[in-house]
Protein chains: 2
Amino acid sequence: MSTTQMLKGIIDGCLLAIIYEKEVYGYELAEKLEQYGFDSFSEGTIYPLLIRMQKEESVSSTLKKSTAGPKRKYYTLTPKGEEELQQFIARWEKLQSNVNLCLRKQ
Amino acid sequence: MSTTQMLKGIIDGCLLAIIYEKEVYGYELAEKLEQYGFDSFSEGTIYPLLIRMQKEESVSSTLKKSTAGPKRKYYTLTPKGEEELQQFIARWEKLQSNVNLCLRKQ
DNA sequence: TTCGGTATCTTGTAATGCAAGATATGTTGA
DNA sequence: TCAACATATCTTGCATTACAAGATACCGAA
């Protein structure tokens with residue numbers, strides 16, 4: 001993952017972090033991101049990302065019955081996903097530092 | 001500018017911040033970004049951005065002779081650009097806080 | 001006069017976030 | 001019973017983006 005991916009891929013990292021914390025399903029992820037202050041990540045953003053991440057073997061999923069509604073697809077991190085989370089954190093911290101260097105000057 | 005633009009448009013904000021600090025030309029901007037820790041923003045990224053920002057009247061430019069080489073196009077912020085810089089700073093701070101909320105949990 | 005460094009710009013590509021909407025399941029109440 | 005609603009996932013198509021690669025041009029010095 002290059003710097004490009006970093007700039008564009010901030011949500012990926014957030015998803016990894018939330019999944020790491022606790023097994024969650026897609027719909028729940030959208031709600032959590034909103035709780036954390038993001039302005040509305042539609043499912044049109046999240047589901048394709050989860051599918052991609054599963055194809056890349058960063059997450060795995062299992063279907064479970066819901067109390068109300070169709071089956072939920074719960075996601076957990078694979079070892080590869082955990083590694084990617086660590087790499088994301090490192091890149092995110094570098095990005096923060098770089099951008100803040102640009103801004104501090106004024 | 002939406003959240004999408006925010007995620008993708010971090011470099012825009014950095015350019016605005018650097019130009020605000022001091023009149024600069026494109027080639028110089030690429031060097032500064034590298035100084036600040038960014039991993040190599042090629043001119044293929046920066047020049048199209050500057051052209052777009054000028055079209056949107058966030059920056060204005062004047063040509064000046066160089067000590068060595070072709071004329072340099074020096075950029076300064078317009079009032080609109082200054083306003084956008086302030087908006088970028090606000091969005092950047094919100095983004096930092098949101099992402100760090102996701103990460104802090106683990 | 002040619003070579004290397006400086007400087008800007010263009011073209012084409014892959015990836016991204018998302019709006020919009022399709023699809024499916026379960027609960028509830030009229 | 002069955003219509004309405006909330007839950008839940010997935011797909012399609014679009015505009016934007018960062019960037020690699022390379023074209024163009026100018027200048028000074030060897």
Side-chain angles (χ1 to χ4, degrees), chain A residues 1-16 19 23-34 38-56 58-59 61-75 88 91 95 98-99, chain B residues 1-16 19 23-34 38-56 58-59 61-75 88 91 95 98-99:
Chain A
M1 224 196 219
S2 67
T3 303
T4 315
Q5 303 304 319
M6 169 78 224
L7 293 179
K8 297 190 194 171
I10 290 176
I11 305 174
D12 309 43
C14 291
L15 293 187
L16 289 175
I19 297 171
E23 197 183 42
V24 286
Y25 55 99
Y27 201 76
E28 198 181 1
L29 276 167
E31 293 174 329
K32 290 224 175 199
L33 285 173
E34 206 159 355
F38 289 100
D39 269 343
S40 80
F41 275 112
S42 73
E43 295 89 40
T45 299
I46 288 169
Y47 287 112
L49 264 179
L50 288 171
I51 290 167
R52 198 193 77 203
M53 283 161 58
Q54 182 160 28
K55 199 180 293 172
E56 291 168 356
S58 304
V59 298
S61 66
T62 49
L63 287 174
K64 294 190 186 178
K65 264 198 282 188
S66 165
T67 53
K71 284 185 179 174
R72 296 167 174 165
K73 196 180 263 183
Y74 280 86
Y75 289 91
F88 167 75
R91 283 199 313 279
L95 178 68
N98 296 350
V99 173
Chain B
M1 226 198 217
S2 67
T3 304
T4 313
Q5 303 304 319
M6 168 79 224
L7 293 178
K8 296 190 195 171
I10 290 177
I11 305 173
D12 309 41
C14 291
L15 293 187
L16 289 175
I19 297 172
E23 196 183 43
V24 286
Y25 56 98
Y27 200 77
E28 199 180 0
L29 277 167
E31 292 175 329
K32 290 224 176 199
L33 284 173
E34 206 158 357
F38 288 100
D39 268 343
S40 78
F41 275 111
S42 72
E43 295 91 41
T45 299
I46 288 169
Y47 288 112
L49 265 179
L50 289 171
I51 290 166
R52 200 194 76 206
M53 282 160 58
Q54 182 160 28
K55 199 181 294 171
E56 291 168 356
S58 304
V59 299
S61 66
T62 48
L63 287 173
K64 294 190 186 178
K65 264 198 283 187
S66 165
T67 52
K71 284 185 179 173
R72 296 167 175 166
K73 198 181 262 184
Y74 280 86
Y75 289 92
F88 167 74
R91 282 198 315 278
L95 179 68
N98 295 350
V99 174

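All of these numbers come straight from a predicted model, not from anything done at the bench. The analysis underlying the following values was restricted to heavy atoms, covering all of them including side chains, and did not include hydrogens, waters or symmetry mates. To find a chain, count down the sequence lines: A is the first, B the second, and so on, and within it residues start at 1.
If you take CD of Glu34(B) and P of dC19(D), they are 12 Å apart, rounded to a whole angstrom. Spacing between atom CD1 of Ile51(B) and atom C1' of dT17(D) amounts to 15 Å, rounded to whole angstrom units. Summarising the geometry, the separation between NZ on Lys71(B) and C1' on dT8(C) is reported as 13 Å, rounded to the nearest angstrom. One atom, NZ of Lys65(A), and another, C1' of dT9(D), lie 19 Å apart when rounded to the nearest Å. Rounded to whole angstrom, the span from the NZ atom of Lys64(B) across to the P atom of dA7(C) amounts to 14 Å. Look at CG on Leu29(A): it is 13 Å from C1' on dT9(D), rounded to the nearest Å. Counting to the nearest Å, the P atom of dA19(C) and the CG atom of Leu49(A) are 14 Å from each other. Between Glu31(A) atom CD and dT7(D) atom P there is a gap of 8 Å when expressed in whole angstrom units.
Salt bridge Lys32(B)/Glu28(B): absent, no basic N to carboxylate O contact under 4.0 Å.
Heavy atoms of Gly44(A) sit under 4.0 angstrom from at least one base atom. Ser66(A) comes within contact range of the sugar-phosphate backbone alone, with a heavy-atom separation under 4.0 Å but no base atom that close.
Residue Arg52(B) places at least one side-chain N or O closer than 4.0 Å to OP1 or OP2 of dT17(D). Thr45(A) has no side-chain polar atom (N or O) that falls below the 4.0 Å cut-off from OP1 or OP2 of dG17(C). OP1 or OP2 of dA7(C) lies within a sub-4.0 Å distance of a side-chain N or O belonging to Tyr25(B). For Arg72(A), no side-chain nitrogen or oxygen approaches OP1 or OP2 of dT25(C) to under 4.0 Å.
Nearer to the 5' terminus of DNA chain C, by closest-nucleotide assignment, is the contact made by Ile11(A) (compared with the other of Ile11(A) and Thr67(A)).
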Open item on the list: Evaluate Thr62(B) against Tyr75(B) for side-chain contact (heavy atoms from CB on, under 4.5 Å), listing each step before the verdict.
Closed with: CA-CA 7 Å; Thr62(B) 48; Tyr75(B) 289 92; over 6 Å; no
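Within the 4.5 Å cutoff, the side chain of Arg52(A) has heavy atoms near those of the Leu49(A) side chain. Side-chain contact between Ser66(B) and Tyr25(B) is absent, with no heavy-atom pair separated by less than 4.5 Å. By the 4.5 Å heavy-atom criterion applied to side chains, Leu33(A) and Ile46(A) are counted as neighbours.
Nearest nucleotide to the Tyr27(B) side chain, out of dA8(D), dA7(C), dC9(C): dA7(C). For Pro70(A), the listed nucleotide lying nearest its side chain is dT25(C); candidates were dT6(C), dT25(C), dC18(C).
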